[in-house]
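Read the structure below first, then the notes.
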Amino acid sequence: MTDQATSSPQPRPGPMRIAPYVGGKASVGGVNRVVKLSSNENPYGASPAAIAAFKEAGDTLALYPDGGATALREAIGEAEGLDPARIVCGAGSDEILSLLCLAYAGPEDEVMHSAHGFLMYRLSALGVGADPVSIPEQNLTADIDAMIAAAGERTKIVFLANPNNPTGTMIPDSEVRRLRDGLPAHTLLVLDAAYAEYVDDPDYDSGARLVEEREDVVMTRTFSKIHGLAALRLGWGYGPASVVDALNRVRGPFNVSAPALAAGAQSIADDAFIEQARSGNAVERARVAAALEAMGFPVTPSQGNFVLTEFGIDGPRSAESADTFLQKRGILIRRMESYGLPAHLRISIGTAEENGLLIAALEDFVAA
Ligand SMILES: *Cc1c(COP(=O)(O)O)cnc(C)c1O
């Protein structure tokens with residue numbers, strides 16, 4: 001008989017290299033009201049039409065959802081001017097990112113991302129046994145030349161969040177195209193446009209046009225941010241027929257729930273709700289950034305619904321001290337150690353009232 005340790009089931013080595021994802025805090029003890037600015041959620045809630053559709057879906061919970069997500073794909077196509085046949089829906093865009101790794105990468109392969117890119121890229125790569133490769137950035141922005149230089153035979157996927165979370169920085173369309181042209185033909189470029197709706201820089205493109213022009217680019221989108229449906233887990237990918245086909249093979253046949261399908265189809269068509277969330281964010285993002293700068297905390301220019309701001313490493317003005325101070329006031333923001341940015345904090349943009357509480361608390365922090 002072999003010994004117990006080797007005869008018991010063992011996970012593959014890749015998954016065991018994953019440090020489990022730690023999300024933003026949702027609660028804190030001893031305060032009456034929590035202001036949650038830690039997970040880039042929509043502070044204005046969700047579209048009333050989407051909430052109504054979600055409730056109505058409660059009447060048919062015994063039935064399996066439409067595994068092809070036909071109505072939702074058509075609604076997305078209509079709202080975004082895209083071809084529904086090139087759309088694949090998932091349980092959050094996180095699922096699409098994982099499925100891309102499952103379909104396109106494995107042991108011996110490399111999955112590239114920029115140094116302060118979204119953490120899920122590394123985790124999804126490890127999950128399939130591939131090696132994540134982190135490319136240093138310039139000024140907290142993806143370094144296109146360095147990414148092109150590092151890509152080779154083993155590079156199966158390059159993930160680029162645009163705008164990026166947690167830095168908020170954006171790569172102009174011309175640079176995204178230069179990246180694609182510089183990558184090997186066998187490499188799939190995945191443009192994660194989770195914050196596309198918040199961008200106001202005219203040089204930006206979500207990547208949809210590039211997807212339609214080529215066979216080697218995928219764009220991913222989410223209902224968790226501007227649509228305010230993070231709890232439902234809904235996202236989608238837009239890609240060439242070959243990628244859509246591969247994703248449809250590896251996904252679960254009913255990977256998106258019926259309430260999510262119903263709510264998503266209403267939300268994507270609710271222009272008024274989306275515009276209010278976008279403009280509210282634009283005004284408040286500028287206000288929060290200006291207040292932080294005025295207090296002496298540099299802010300990385302952001303195109304998302306959050307700002308990355310620099311505190312100190314230690315001492316009274318450190319990121320840790322600020323976080324502790326804010327928590328006592330019930331204000332939750334995101335520490336950045338896991339992104340290799342221990343002096344920084346990421347602050348989601350809340351409602352005008354929430355941001356007022358944040359700014360007032362930080363003013364007290366600076367004066368203390
Ligand atoms: C929030 C976020 C997502 C979306 O995740 P979901 O799984 O759709 O909730 C994807 N990419 C980035 C960069 C994000 O910040």
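Whatever order the structure lists ligands and atoms in, that order sets their numbers, starting from 1. Atom set for the values below is all heavy atoms of this structure, side chains included, hydrogens, waters and symmetry mates excluded.
- For ligand 1, the atoms sitting less than 4.0 Å from at least one non-hydrogen atom of Ser224 are 6 (P), 8 (O), 9 (O), numbered in the order shown with element in parentheses.
- With hydrogens and angles ignored, the 3.5 Å screen pairs a side-chain donor or acceptor of Ser47 with a backbone N or O of Ala50.
- By the criterion of a heavy-atom distance under 4.0 Å, neither the backbone nor the side chain of Phe223 is placed next to ligand 1.
- Within ligand 1, the atoms closer than 4.0 Å to a non-hydrogen atom of Tyr195 are 1 (C), 14 (C), 15 (O), numbered from 1 in the order shown.
- Polar contact check, Asp94 against ligand 1: a nitrogen or oxygen pair lies under 3.5 Å apart.
- Using 4.0 Å as the threshold, Gly235 has no heavy atom nearer than that to any atom of ligand 1.
- Close contacts between ligand 1 and Ala194 involve ligand atoms 2 (C), 3 (C), 10 (C), 11 (N), 12 (C), 14 (C) [criterion: under 4.0 Å to a heavy atom].
- Counting heavy atoms closer than 4.0 Å to ligand 1, residue Met120 contributes nothing at all.
- Among all non-hydrogen protein atoms, the one lying nearest atom 11 (N) of ligand 1 is Asp192 OD2, 2.6 Å.
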Could you go through Arg329 and Asp364, starting from their C-alpha distance and side-chain angles, then the distance that decides it, and tell me whether this counts as salt bridge (charged side-chain N to carboxylate O under 4.0 Å, His left out)? CA-CA 11 Å; Arg329 299 276 186 103; Asp364 290 348; 2.7 Å; yes

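- Between Phe273 and Tyr44, the ring center distance fails the sub-6.0 Å criterion.
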Verdict with supporting geometry, Arg73 and Asp66, salt bridge (charged side-chain N to carboxylate O under 4.0 Å, His left out): CA-CA 11 Å; Arg73 289 188 298 102; Asp66 168 19; over 6 Å; no

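- Judged purely by atom type and a 3.5 angstrom limit, Ser114 has no side-chain atom pairing as donor or acceptor with the backbone of Glu137.
- In terms of the side-chain hydrogen bond (donor to acceptor under 3.5 Å, both in side chains) criterion, residue partners of Asp200 (sequence neighbours excluded) are, by chain and number, Arg285, Gln303.
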Exercise for the section: Go through the steps for Asp181 and Arg177 under the test salt bridge (charged side-chain N to carboxylate O under 4.0 Å, His left out), then give the verdict. Expected result: CA-CA 6 Å; Asp181 288 340; Arg177 286 168 182 272; over 6 Å; no

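- At the shortest separation from atom 4 (C) of ligand 1 among protein heavy atoms lies Ser93 OG, 3.1 Å.
- Taking a cut-off of under 4.0 Å to the non-hydrogen atoms of Arg233, the atoms of ligand 1 that pass are 6 (P), 7 (O), 9 (O).
- Contacts between Lys225 and ligand 1 below 4.0 angstrom, taking non-hydrogen atoms only, involve the side chain exclusively.
- Considering Glu78, Glu80, Arg86 in turn, Glu80 is the only one that fulfils the side-chain contact (heavy atoms from CB on, under 4.5 Å) rule with Leu82.
- Remark: ligand 1 atoms within the under-4.0 Å shell around heavy atoms of Thr222 are 4 (C), 6 (P), 8 (O), 9 (O).
- Ligand 1 has no N or O atom lying under 3.5 Å from any N or O atom of Asn40, backbone or side chain.
- Note: an N/O pair closer than 3.5 Å links Asn165 and ligand 1 by distance alone.
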**Stepwise salt bridge (charged side-chain N to carboxylate O under 4.0 Å, His left out) check, Arg251 with Glu95** = CA-CA 9 Å; Arg251 72 178 173 88; Glu95 187 189 27; over 6 Å; no

